[in-house]
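Residue numbers begin at 1 in each chain, while the letters A, B, ... track the order of the sequences.
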Protein chains: 2
Amino acid sequence: MTNPDQPAPKGKADETRSRILNAALDLFRRKGFEQSTMREIASEAHVALGNAYYYFDSKEALVMAFYQRAGDEMAPRVEEVLQEVKGLEKRLSAILAVKFEYFEPNRTFLGALLRHAADPEHPLSPFGEETRRIRERDIEFFARAFEGTRGDMPKDLAPHLPKLLWLYQMGLILFWIYDRSPNQRRTTVLREKSLDLLTSTLKLLSIPLLRPMRKRIVELVLAAEGDEAHA
Amino acid sequence: MTNPDQPAPKGKADETRSRILNAALDLFRRKGFEQSTMREIASEAHVALGNAYYYFDSKEALVMAFYQRAGDEMAPRVEEVLQEVKGLEKRLSAILAVKFEYFEPNRTFLGALLRHAADPEHPLSPFGEETRRIRERDIEFFARAFEGTRGDMPKDLAPHLPKLLWLYQMGLILFWIYDRSPNQRRTTVLREKSLDLLTSTLKLLSIPLLRPMRKRIVELVLAAEGDEAHA
DNA sequence: GTCTATATCGGGATAGAC
DNA sequence: GTCTATCCCGATATAGAC
């Protein structure tokens, strides 16, 4: 019987749904994505196999749901650091810190998400259509990082920087997944050094003399985007 | 299992092996990687399913074998253009042209190879240990592209450029796999513009004033490589 | 709409006989 | 080296309970 007394902002369905997702993530973390079976996940969540599929179309939809949830839960934290931290490099660094901290316990199965980066057909591709909303919110955060940056950001380049930073972030995460050094220390160093180099490069690119160079970068980005109008 | 180094005295085994591989590639090209089943491949090659697995540990090992073969077959073509073409940008462009031309008929299933870029555990990862030999030969080609370049290539940066160019190439290929424009025209444009920008940047970086910048790039690369000594 | 149970299928991968 | 038989698991289907 349903219980109408419960305040329950979440209904029974949501409860079940998140119980399945939690069981899945728990297993993914402990045994990895491939090693965890849907039968196990269902059993761990105390639901029948069919019920797990009722809520999630596929095993990978669970990873997708995690990605979604991650976005939702990271958003307020990113907001927070954007309020507090000043200065472009520090702001970027803070955003990245939030993400890496959040993803840290899930590092071992994050590959399951990125694995489809090379498959444009696949719904889980981080560059694909289905993940667009999540990606756009992410890119918007990088746009916010530039707020408060005095007018020394080159105007011509500025509109494309958030997208490029998102790409840079994806590269860092890919590196991180591979990073076998203790505590992924190499990624930490790489984050610092690359961010430093990045901001220096932006500063260098800002000098008027390099306007032709900037123009070519913009042309490159436009050529890559083509007429598809991703944003 | 099989020995990739040997010029292979073609016995019965090699004959069967390549018959299976050919059947697989044929199906991959016609129906894509996912849509082709091992049963189909075996049947097409007139061997039993188990026999296909005797020669290839997994379906993906077939893609790996293709990657291997691609390297073997492209090598002499790359040699050829390196003999003929002069000038850094033209040489790089020529190398890329050989690759894209070779991969063109296989574009639709090439994603199956790159799909494991995000999975360090996976033997097929293009960054992993198992593909190292193939990767190194590839990187060596990019090193050769710099031959004949007068001493205007920055000495400090030079040792790391081949690796970086290989990475750049991987990025281009990933973009290409995603490219839905007619005849993948956008990738063609991107190749031209990015290569142009790349050589310009190298030229810019060569000026003595930018030595500190170069130093930081080198530090970045070293930090990324860590003590693992990839090369 | 939510959930169980069970049967079935398709396909990757393996074992073991020959 | 080659085959047949089998296993495992993701996914679907179905019938029914609440």
Side-chain angles (χ1 to χ4, degrees), chain A residues 1-4 6 8 10-25 27-28 30-66 109 112-113 115-116 119 121-124, chain B residues 1-3 8-25 27-28 30-65 109 112-113 115-116 119 121-124:
Chain A
M1 287 298 165
T2 54
N3 189 343
Q6 288 295 32
K10 289 185 162 197
K12 190 180 168 205
D14 289 309
E15 207 283 319
T16 306
R17 192 187 145 86
S18 72
R19 203 170 67 240
I20 295 168
L21 179 55
N22 287 335
L25 295 183
L27 276 165
F28 290 165
R30 276 157 44 204
K31 318 175 43 176
F33 178 76
E34 312 281 7
Q35 265 52 51
S36 311
T37 72
M38 285 299 277
R39 284 161 176 88
E40 262 183 308
I41 292 166
S43 150
E44 196 93 339
H46 304 290
V47 297
L49 176 61
N51 201 16
Y53 276 105
Y54 176 77
Y55 283 99
F56 299 94
D57 287 346
S58 70
K59 191 175 164 183
E60 283 163 350
L62 286 160
V63 183
M64 184 64 169
F66 163 73
F109 80 84
L113 186 64
R115 118 130 110 286
H116 302 281
D119 186 356
E121 303 292 302
H122 202 284
L124 259 80
Chain B
M1 37 165 18
T2 54
N3 190 339
K10 273 209 153 208
K12 186 183 167 200
D14 290 306
E15 207 284 319
T16 307
R17 189 187 146 89
S18 71
R19 205 170 66 240
I20 295 168
L21 179 55
N22 287 335
L25 295 183
L27 277 165
F28 290 166
R30 275 157 45 204
K31 318 176 42 176
F33 179 75
E34 310 281 8
Q35 265 52 50
S36 313
T37 72
M38 285 299 279
R39 281 162 178 85
E40 263 181 307
I41 292 167
S43 151
E44 197 93 340
H46 305 289
V47 295
L49 176 61
N51 202 14
Y53 277 103
Y54 174 79
Y55 284 98
F56 299 93
D57 289 346
S58 70
K59 190 176 166 185
E60 286 159 350
L62 285 160
V63 183
M64 180 65 170
F109 79 84
L113 185 65
R115 123 129 109 284
H116 302 280
D119 186 355
E121 303 292 301
H122 203 284
L124 260 82

| query | Distance check: side-chain N/O of Thr16(B) vs OP1/OP2 of dT2(D), anything under 4.0 Å? | reply | yes

| task | Kindly say if Tyr54(A) contacts the phosphate of dT2(C), meaning a side-chain N or O under 4.0 Å from OP1 or OP2. | result | yes

| task | Verify the ring-centre separation between Phe66(A) and Phe28(A): is it less than 6.0 angstrom? | result | no

| task | Test side-chain contact (heavy atoms from CB on, under 4.5 Å) on Arg19(A) and Asn22(A) and set out the steps. | result | CA-CA 5 Å; Arg19(A) 203 170 67 240; Asn22(A) 287 335; 5.7 Å; no

| message | With side-chain contact (heavy atoms from CB on, under 4.5 Å) as the criterion, how do Leu21(B) and Phe56(B) come out once you've worked through the C-alpha distance, each side chain's angles and the decisive distance to 0.1 Å? | response | CA-CA 9 Å; Leu21(B) 179 55; Phe56(B) 299 93; 4.0 Å; yes

| said: To the nearest 0.5 Å, what is the distance between OG on Ser36(B) and NZ on Lys59(B)? | reply: 6.0 Å

| field | CD1 on Ile41(A) to OH on Tyr53(A), rounded to 0.5 Å | value | 8.5 Å

Please tabulate, one pair per line, each protein N/O and nucleotide N/O from nucleotides 7-10 of chain D that are separated by under 3.5 Å, including the distance.
{"from": "dG10(D)", "atom 1": "OP1", "to": "Ser36(A)", "atom 2": "O", "distance (Å)": "3.4"}
{"from": "dG10(D)", "atom 1": "OP1", "to": "Lys59(A)", "atom 2": "NZ", "distance (Å)": "3.2"}
{"from": "dG10(D)", "atom 1": "OP2", "to": "Met38(A)", "atom 2": "N", "distance (Å)": "2.8"}
{"from": "dG10(D)", "atom 1": "N7", "to": "Arg39(A)", "atom 2": "NH1", "distance (Å)": "2.7"}
{"from": "dG10(D)", "atom 1": "N7", "to": "Arg39(A)", "atom 2": "NH2", "distance (Å)": "3.4"}
{"from": "dG10(D)", "atom 1": "O6", "to": "Arg39(A)", "atom 2": "NH2", "distance (Å)": "3.2"}

Whole angstrom is fine here: how far is it from [atom1] in [X] over to [atom2] in [N]?
X: Asn51(A); N: dT4(C); atom1: CG; atom2: C1'; answer: 8 Å
X: Glu15(A); N: dT2(C); atom1: CD; atom2: C1'; answer: 13 Å
X: Phe56(B); N: dT14(C); atom1: CZ; atom2: P; answer: 15 Å
X: Tyr55(A); N: dA11(D); atom1: OH; atom2: P; answer: 19 Å

| said: Does this structure show an ion pair linking Glu40(A) with Arg30(A), if we count only N-O contacts that are shorter than 4.0 Å? | reply: no

